[in-house]
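Bear in mind that the values here come from a model prediction, so they are computed numbers and not experimental data.
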Amino acid sequence: MTQAIFSSPNTIRCATAMSEAPAHTEKMAPVWAGLPTGVVDGGEVVLLAIKPSAWKPVLSSLAPLAIGCSLAIGAGLLNASIPGMSVAATAQMFLLLAMVPLGIGVVRWVPTWYVLTNRRVMIVQGVREARIRSCLLVDVRNTYINADVAERLLKLGTISFVSNDTKELPSHWQSIAQPAEVHEKIRRAVENAIDQHCAS
């Protein structure tokens, strides 16, 4: 199920600039200390920094986990085995192979952060050296909240971003908790960035 919740047009009408104070910035939580250095530029303020849900590695590995478990159970029920291996060893091998994608998912999850600043929306990966994919807030054309069946059951969601640059593929904040609340913060930040851009 996909719902388009926020849209800012390509052509921004700058006739009236808001005179309100800049958007309220969130207090930085101690967990943000896990962010790699060099993520923000001078004068850039972090409004939000979150990690994907800990369920993300599991959700991204559902297919291989299901296949591996099915093969292991099938081997046990049918008393079938790979030549040269026992039934128990065959089932264990299937389970081990099913766990490999889960392990890879955990390794990718640990250094991943989703960061919102007063200028950009970012996906940050890396521990010592940050790999950053970012988009200026004033270039955000559209955002969507998506949730597949598994995410809805876990009350998670994925926020997708589309920029004004048609050559740039949409990026996603995948499997995040409280997606509607997070999306609202992103929406306010984009609107404030556009207002300040129009006023300048």
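- Arg133 is listed as a side-chain neighbour of Ser171, based on a closest heavy-atom distance under 4.5 Å.
- For the 3.5 Å distance criterion, the side chains of Glu44 and Thr117 qualify, holding a donor opposite an acceptor.
- Here the shortest heavy-atom pairing between Ala54 and Pro57 reads O-CD, 3.2 Å.
- Nearest heavy-atom pair across Gln174 and Thr158 is CA-OG1, 3.4 Å.
- Summarising the geometry, atom CH2 belonging to Trp109 is positioned 12.0 Å from atom OG belonging to Ser60; distances are rounded to the nearest 0.5 Å.
- For the atom pair Ile123 CD1 and Gln125 CD, the distance stands at 7.0 Å (nearest 0.5 Å).
- The minimum heavy-atom distance between Asp139 and Cys135, with the atom names listed, is CB-SG, 4.1 Å.
- Annotation: side chain of Leu137 is in contact with side chain of Val121 (closest heavy-atom distance under 4.5 Å).
- Nearest heavy atom pair, residue Val138 against residue Ala193, reads CG1-O, 3.6 Å.
- Here the straight-line distance linking atom NE2 of His197 with atom CG of Leu136 works out to 10.0 Å at 0.5 Å rounding.
- The backbone N or O of Val58 lies less than 3.5 Å from no partner atom in the side chain of Ser61, so there is not a single donor-acceptor pair.
- Using a 4.5 Å cut-off on side-chain heavy atoms (C-beta onward), Leu116 and Ile50 make no contact.
- Both Leu71 and Met85 are members of a single hydrophobic cluster when ILVMFWY side chains are connected at heavy-atom separations under 4.5 Å.
- Residue Leu62 is grouped with residue Leu154 when hydrophobic side chains (ILVMFWY) are merged at heavy-atom distances under 4.5 angstrom, including chains of intermediate members.
- A cation-pi arrangement is found for Lys51 relative to Trp113, the charged atom lying closer than 6.0 Å to the ring centre and inside a 45° cone about the ring normal.
- Minimum interatomic distance between Ala72 and Ala91 (heavy atoms only, all atoms of both residues): CB-O, 3.6 Å.
- Criterion: ILVMFWY side-chain heavy atoms under 4.5 Å apart, direct or through other members. Under it, Trp55 and Ile104 are not part of a common hydrophobic cluster.
- Note on Leu95 and Met93: separate hydrophobic clusters, where clusters join Ile, Leu, Val, Met, Phe, Trp and Tyr whose side-chain heavy atoms are under 4.5 Å apart, directly or indirectly.
- By the 4.5 Å heavy-atom criterion applied to side chains, Tyr144 and Phe161 are not counted as neighbours.
- Under the 4.5 Å side-chain criterion, counting only non-hydrogen atoms from C-beta, Ser175 is in contact with Glu151.
- The shortest distance between side-chain heavy atoms of Val124 and Thr112 does not fall below 4.5 Å.
- Annotation: the span from Ile186 atom CD1 to Leu48 atom CG amounts to 7.0 Å, rounded to 0.5 Å.
- Asn192 places a side-chain N or O within 3.5 Å of a backbone atom of Arg188 that can act as its donor or acceptor partner.
- Once rounded to the nearest 0.5 Å, the distance linking CE of Met122 with OG of Ser134 reads 6.5 Å.
- Between Trp173 and Pro52 the shortest side-chain heavy-atom distance does not fall below 4.5 Å.
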**Study point:** Full working for side-chain contact (heavy atoms from CB on, under 4.5 Å) between Leu156 and Leu59
**Key:** CA-CA 11 Å; Leu156 304 176; Leu59 295 177; 4.1 Å; yes
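- His172 has its side chain out of reach of Ile159: every pair of non-hydrogen atoms, C-beta onward, lies at least 4.5 Å apart.
- The two residues Tyr114 and Lys56 make their nearest non-hydrogen contact at OH-CE, 4.1 Å.
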Practice item. In sequence, state the C-alpha distance, the side-chain angles, and the governing distance for Ser53 and Ile176, and then conclude on side-chain contact (heavy atoms from CB on, under 4.5 Å). Key: CA-CA 5 Å; Ser53 167; Ile176 58 174; over 6 Å; no
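- Taking hydrophobic clusters as Ile, Leu, Val, Met, Phe, Trp and Tyr residues chained together by side-chain heavy-atom distances below 4.5 Å, Ile73 does not share a cluster with Leu97.
- Here the side chain of Ser81 pairs no donor or acceptor atom with the backbone of Thr90 at under 3.5 angstrom.
- The side-chain contact (heavy atoms from CB on, under 4.5 Å) search around Met99 returns Leu65, Leu102, not counting sequence neighbours.
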